[in-house]
Every structure is written in structure tokens, then in C-alpha cells.
Peer 1: 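Have a look at this one before I ask anything.
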Amino acid sequence: MKIPARKSRKDYYTAVVWLALIGTLIFRIPLGRIIGDKGIACFGLSNEIYLAVAGAFSFGLSEAAAAHVRYRVRRSQFKSAGKVLGNALCIGGAIGLILSFAAGVGGQKIAEKVFHAPLAAMSVGVMAPAMFFFVLTGVFRGYFQGNGSKLPAMHSEILHVVFLFLGGLSGASILHKYGQKVSALLQNDDYAAAYGAMGASLGLLAASVFCFLHVLILYFIFRRNMNKQGSRELQKTQDSGIRILYTLIGTETVYGLYYLCFHILPLLDQYLLFVSDKEQSTFAAWWGAYYGRCLVVTGIVCGVMQMVCLAPVKRIAAGMERGDQLLAKEKLGVLIHQCAVISMPAAAFVAVLAESILDLLFKGNNHQTAIWVQIWCPAIILQIFASVFMEIFLYGRKVKIAVSIGAIALALHGGCAFLLLKTVKAGMLAIVIAVILFYGTAAVLGFLAVSRLYQYRQEWIRTFGVTFLSSAVAALAALLLNKVLTPLAGAAISLVICILMGATIYMVLLVVLRAFESGELEEMAGGRLLILLAELLHFSIE
């Protein structure tokens, strides 16, 4: 009697991580309705310091702890695994205290002197203690993952989103009302936005504290079992504390640099924009619209696609490690084709329906933001491919290659944005172009590195040519249909109909133009739907 195979928790964990990321982006939609674009700009500074700076140390220590604990647990070195946790907590605690102290005491100078956004200082100051708890939570997550359990990390991700919504929205609403009184007294409307951003930062603080308490309670619950395992360990198998500390710092540094290269863009872009000119009020409104609207729409689209596209990466990397290079290269080709099939129409539909999507989600005039979204859309495609290649390097234990690519892309991004802001005075357009350059550089260098390491050769016509043509035709049809239906049925109904009709036209064109080789569709997500469509149209998949 065969027992049906269950889906691994790894798949659920990956899905939960991306859903949590999408949740943090959705959080900015109601937040923007409460505190406005300038409030979002103030909150964005504290949020990005929290995510980029503290997140780099949290991610680095999490991955380092997971790797070193896993190595020792597999060899029954339970006491050494406990030493890894102790050393990681010491490192994380010290780093977290330094970051929290720097943000708490120097928040005013950081906001005013560095980022030229003095009203964001209150938001940064409220967020400061959250960095300490965020870093330590990352250590415990890594420890549990090293012991083979991803459930604590899954629950932690969910709790973070829940308390971010509860604490952030309630705090923003209460303090924004108080800020309106301060604004009326001082005759400056910006104080209402600043106080609202400070209230939103309470959500970061609440989420970090409760997530830390959650993993700490779980640790004390399971510590007795861990101590029993450690009592059976032979003394000769233990590693010294100094050696563990040294290896932890080295591993954490590499992973932290990787995280920083690919997550510091919004913080760097806000700095470059605000120091480029003295018109801070205008830039605050621009940045709030970009951070709270443009990045939300494109980020949600990218997050949904990455949930699908990144799932097969681990199997490809595992095949390379086993020496089954031929099968791994075949799966890599299918994955790249799948990324193209998913990302190209998504970018095309977002580009032609940008203003309708923004009007449905956000109040106010979205015309300028829609232009930014449309120009940003090529980065949707490039980001998916860059993410896939970087994940291949991570699973293949070639993190230094990913760090090198990220550093090169980041340097080009910063240089491009700085030149366009200083010489051409391009404003937000300079930031958008620089973002496209960043992901384009990462995608191209990642593809070249993967092709060289794994002797992979790309098929271009079916993968990109036919897909691009089908996406363009389907997007044009959706655009024309949207122009006709919006005055008759409204934005929401028109948007749903246009997306469904555009997707149908796109899939029919893929089948008619024979965009897939034999066997590819069975490997792809959603491939069965295209096989069924081909049967209905009486087209054979060669």
C-alpha cells in the first residue's frame, strides 16, 4: 500500500515568506490613506533602516547560525550546536544594541544631516529599539532551522505581519490626529504626516518585540529536549568557542553583504534624492508616492511571481551538486522559459493598466505615479531573472559570486542615479532608470556566471522572442478593451475583464505560435492549463 507523498514544509515556508513580504507591501496602502504621501516618506526612512541595516545582520546571523547548527546536529554535536547559538546571540545582541543606540540617540542627526528629512527623526527614534529584537529574532530563527524545523520561522513571519498591521495602523491613526492639532498650532501641515509616521513605526516595534518573545518562548519549551541530546554527546566532538565565533562572523559577513546589496536600494535612493536639491517638501511628496504606490504595485507583482519561479531552484542546485549536470541544465532551461512566460506578460499588463490599478488602490491623482510605474516595468522582468540566478548561487554555496554581482550592480546604480540627479535634474525619473540598471546588471551578470559555471546555452527564439510578441499583442488588446470598458463598467470591473481577456489571448498565442518544446509544459507551473488549451484548439505541442 503506497502512502501519498506530502508536500515538504520547505515549500510552505517559501510561500509564507513571500506572502509575508506581500503583506508588508499591502500595509502601505491603508497607511498611505491615513498619513498621506509625506507621511509615507517619513515612515519609509525608518522602515528601510529597519529592513536594510538591521535586516542585513538578522539575515546574516540567521543563515550563519542555521548552517553551523545544521552541520553539528547532523554529526550529533549538540553541545557545539548550543555554543553556536550562544555565540550568535552574543554577536547579535552586541550589534543590535549598537544599532538601536545609534538610531535612538543619533536619529535626529541621521534624519536631518544625512537624509535631509528632519521630520522623519521621530519615526526613526520610535523604531530604534526594534532593531535589537529583530536581530536576535533572526538568530533564533536560524537556530531552529539548523535543527530541522522551519515552523518557528513561518509563525514568526505571520506574527510580524499581523502586529505590523495592528500596531502600525492603529498607532498611525491615533498619532496622526494628534499631529493635526500640532500642525494647526504651528501652522505647518507636515507635522501631521510626521506624527502619523511615528505611529506607523510603533507597528515595527510591536512586531519585532512579539516575534522575539515568540521564538524565545519556543526555545525554552524545546530546551529540555536539546539538553538531553547534549548529555549523550562525547566530549571530544566539541569545538572551541573561539573557533565557532570566528566562523560565525565570517559566514554572517558574507550573507549580510549579499542581503545588503539587494535590499538597500530604497534607502540609498531616498538619500540620493533628498541630498540632490533643497526642495525637500517636493521631494518628500514625490518619494512618498514612489515608495507608497509605485514600489507597492511592482513589489506585489514581483512577489507573486517569485513565489512560483523560485520554487524549482533548490532542485536545480541539488542536481548540480550530485553531478547530474545534464538533467540540471534541462531543468534550468525550463525554469528560465517559465520566468519569461510569467514575467513578460505581467510587466506588459502592469504597464498598460498602470493608471487603472493605481486609481483602484489609491486615492488622489495617480497620473505621475502611473508614468513611474510604466517606466519601472522592465525592472519587473529583470528582477525575476536576477532573483533566480542569485538563488542558484545561494543554494549552490557560491554566495561570494552573488555578493560580487550585487556590489557591481549597486555601484552602477548609485553612480547612474547620482549623475542623472546632479547633471540632468531628472528627479524621480533618475531613480527609476537607476533601478532598471541595477536589476539589468544583476540579471546579465548572473546569467553569464550561471552559463559559465554550468556550461548552459540558452535558446532565445522560443523563450524570449515568441513570448515577447505574445505579451505585446495581449497587452495591446487589454489596453484597447480597458479604454472602452472603463467609462461603461467602472475601473474595478473593467480591470478584471481586461486582465482575464488579455491572459486568455496571451495563452492562445503561446499555443498557436508553438512557444514550447515537448515535455516543457509538464515541468512548468500552469503547464497543464496550456496543454488543455492546446487540446481544445487541436494544436500539437512539439
Side-chain angles (χ1 to χ4, degrees), residues 8-10 13 17 54-98 132-157 211-259 314 317-318 321-322 393-400 402-403:
S8 67
R9 287 179 178 174
K10 174 66 178 177
Y13 172 72
V17 169
F57 289 105
S58 180
F59 177 80
L61 284 171
S62 177
E63 292 296 320
H68 290 289
V69 168
R70 187 182 302 113
Y71 174 84
R72 286 159 176 80
V73 168
R74 287 177 178 175
R75 290 158 179 78
S76 299
Q77 299 175 1
F78 301 108
K79 289 185 178 180
S80 293
K83 287 183 179 179
V84 171
L85 175 62
N87 281 275
L89 287 174
C90 289
I91 298 171
I95 293 173
L97 285 174
I98 293 171
F132 172 77
F133 297 106
F134 188 29
V135 174
L136 290 183
T137 302
V139 174
F140 279 111
R141 286 181 182 179
Y143 179 70
F144 286 122
Q145 290 181 35
N147 277 283
S149 176
K150 294 184 180 293
L151 284 176
M154 290 171 56
H155 298 160
S156 183
E157 294 283 356
C211 287
F212 172 73
L213 291 176
H214 164 255
V215 293
L216 186 64
I217 292 170
L218 289 181
Y219 170 73
F220 282 115
I221 291 174
F222 293 107
R223 188 174 64 170
R224 180 181 298 179
N225 182 49
M226 298 171 188
N227 290 337
K228 287 182 180 179
Q229 292 175 328
S231 64
R232 298 192 296 267
E233 180 185 351
L234 298 176
Q235 295 294 320
K236 63 180 181 180
T237 61
Q238 294 188 44
D239 293 329
S240 66
I242 299 297
R243 175 178 174 79
I244 291 174
L245 183 65
Y246 175 78
T247 54
L248 268 177
I249 293 175
T251 308
E252 187 276 335
T253 301
V254 175
Y255 279 99
L257 287 174
Y258 164 76
Y259 181 95
K314 186 177 181 180
E321 286 188 358
R322 291 194 306 266
F393 295 137
L394 289 183
Y395 282 117
R397 300 175 185 176
K398 294 176 174 59
V399 188
K400 292 182 179 179
V403 173

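For this chain, numbers begin at 1 and follow the sequence in order. Computed over heavy atoms, backbone and side chain alike; hydrogens, waters and symmetry mates excluded.
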Peer 1: Under the ring pair (Phe, Tyr, Trp, His ring centres under 6.0 Å) test, which residues partner F59, sequence neighbours left out?
Peer 2: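 Here the qualifying residues are Y259.
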
Peer 1: Run the side chain to side chain donor-acceptor pair (under 3.5 Å) test against T251 and tell me which residues pass, sequence neighbours left out.
Peer 2: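 If we apply the side chain to side chain donor-acceptor pair (under 3.5 Å) test to T251, skipping adjacent residues, the hits are H68.
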
Peer 1: Ring pair (Phe, Tyr, Trp, His ring centres under 6.0 Å) with F133: which residues, sequence neighbours excluded?
Peer 2: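 Partners of F133 by the ring pair (Phe, Tyr, Trp, His ring centres under 6.0 Å) criterion, ordered by chain and then number, come out as F212.
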
Peer 1: Which value, rounded to the nearest 0.5 Å, describes the distance between T253 atom OG1 and L248 atom CG?
Peer 2: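 If I round to the nearest 0.5 Å, the distance is 10.0 Å.
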
Peer 1: Quick one: CZ on R74 to CG on N147, what's the gap to the nearest 0.5 Å?
Peer 2: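 Those atoms lie 11.5 Å apart.
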
Peer 1: Would you check if L245 and I91 make a side-chain contact, meaning some heavy-atom pair closer than 4.5 Å?
Peer 2: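 Yes, side chains in contact.
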
Peer 1: Any side-chain hydrogen bond (donor to acceptor under 3.5 Å, both in side chains) pairs touching residues 54-65, not counting sequence neighbours?
Peer 2: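 Every pair satisfying side-chain hydrogen bond (donor to acceptor under 3.5 Å, both in side chains) with a residue in residues 54-65: there are none.
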
Peer 1: Within this structure, what is the CG-CD1 distance for the pair L85 and I244, rounded to the nearest 0.5 Å?
Peer 2: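 It is 11.0 Å, given to the nearest 0.5 Å.
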
Peer 1: Can you run down the salt bridge (charged side-chain N to carboxylate O under 4.0 Å, His left out) pairs that involve residues 140-149, sequence neighbours left out, and say none if there aren't any?
Peer 2: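 Checked against salt bridge (charged side-chain N to carboxylate O under 4.0 Å, His left out) - neighbours excluded - the pairs reaching residues 140-149 are R141-E157.
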
Peer 1: Mind listing the closest non-hydrogen atom pair of R70 and Q145 along with its distance?
Peer 2: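 Heavy-atom minimum between the residues: NH2-O, 4.1 Å.
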
Peer 1: Taking side-chain contact (heavy atoms from CB on, under 4.5 Å) as the criterion, tell me which of V135, L61, V139 meets it with L89.
Peer 2: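 The side-chain contact (heavy atoms from CB on, under 4.5 Å) with L89 is passed solely by V139 among V135, L61, V139.
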
Peer 1: Would you name the heavy atoms of A153 and Y13 that are closest together and state the gap between them?
Peer 2: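 Scanning both residues, the minimum pair turns out to be CB-CE1, 3.5 Å.
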
Peer 1: So which heavy atom on Y143 is nearest to which on A65, and how close?
Peer 2: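 Closest pair (atom of Y143, atom of A65, distance): N-CB, 4.2 Å.
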
Peer 1: What's the shortest heavy-atom distance between A54 and F134, and which atoms?
Peer 2: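 A54 and F134 have their closest heavy atoms at CB-CD2, 3.8 Å.
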
Peer 1: Can you tell me how far CG of L218 sits from CG of L151, rounded to the nearest 0.5 angstrom?
Peer 2: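 With rounding to 0.5 Å, CG (L151) is 9.5 Å from CG (L218).
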
Peer 1: With sequence neighbours left out, write down each residue that passes ring pair (Phe, Tyr, Trp, His ring centres under 6.0 Å) with F140, or none if nothing qualifies.
Peer 2: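 Partners of F140 by the ring pair (Phe, Tyr, Trp, His ring centres under 6.0 Å) criterion, ordered by chain and then number, come out as Y219.
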
Peer 1: Quick one: list whatever passes ring pair (Phe, Tyr, Trp, His ring centres under 6.0 Å) with Y258, sequence neighbours left out.
Peer 2: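 Applying ring pair (Phe, Tyr, Trp, His ring centres under 6.0 Å) to Y258 gives F262.
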
Peer 1: Closest heavy-atom contact between R72 and S80?
Peer 2: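 What the structure gives for the nearest pair is CD-CB, 3.5 Å.
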
Peer 1: With sequence neighbours excluded, what pairs up with I98 under the side chain to side chain contact (heavy atoms under 4.5 Å, CB included) test?
Peer 2: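 I98 satisfies side chain to side chain contact (heavy atoms under 4.5 Å, CB included) with no other residue.
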
Peer 1: Could you give me the CA-CA distance, side-chain angles and deciding distance for Y255 and L394, then say whether side-chain contact (heavy atoms from CB on, under 4.5 Å) is met?
Peer 2: CA-CA 9 Å; Y255 279 99; L394 289 183; 4.2 Å; yes

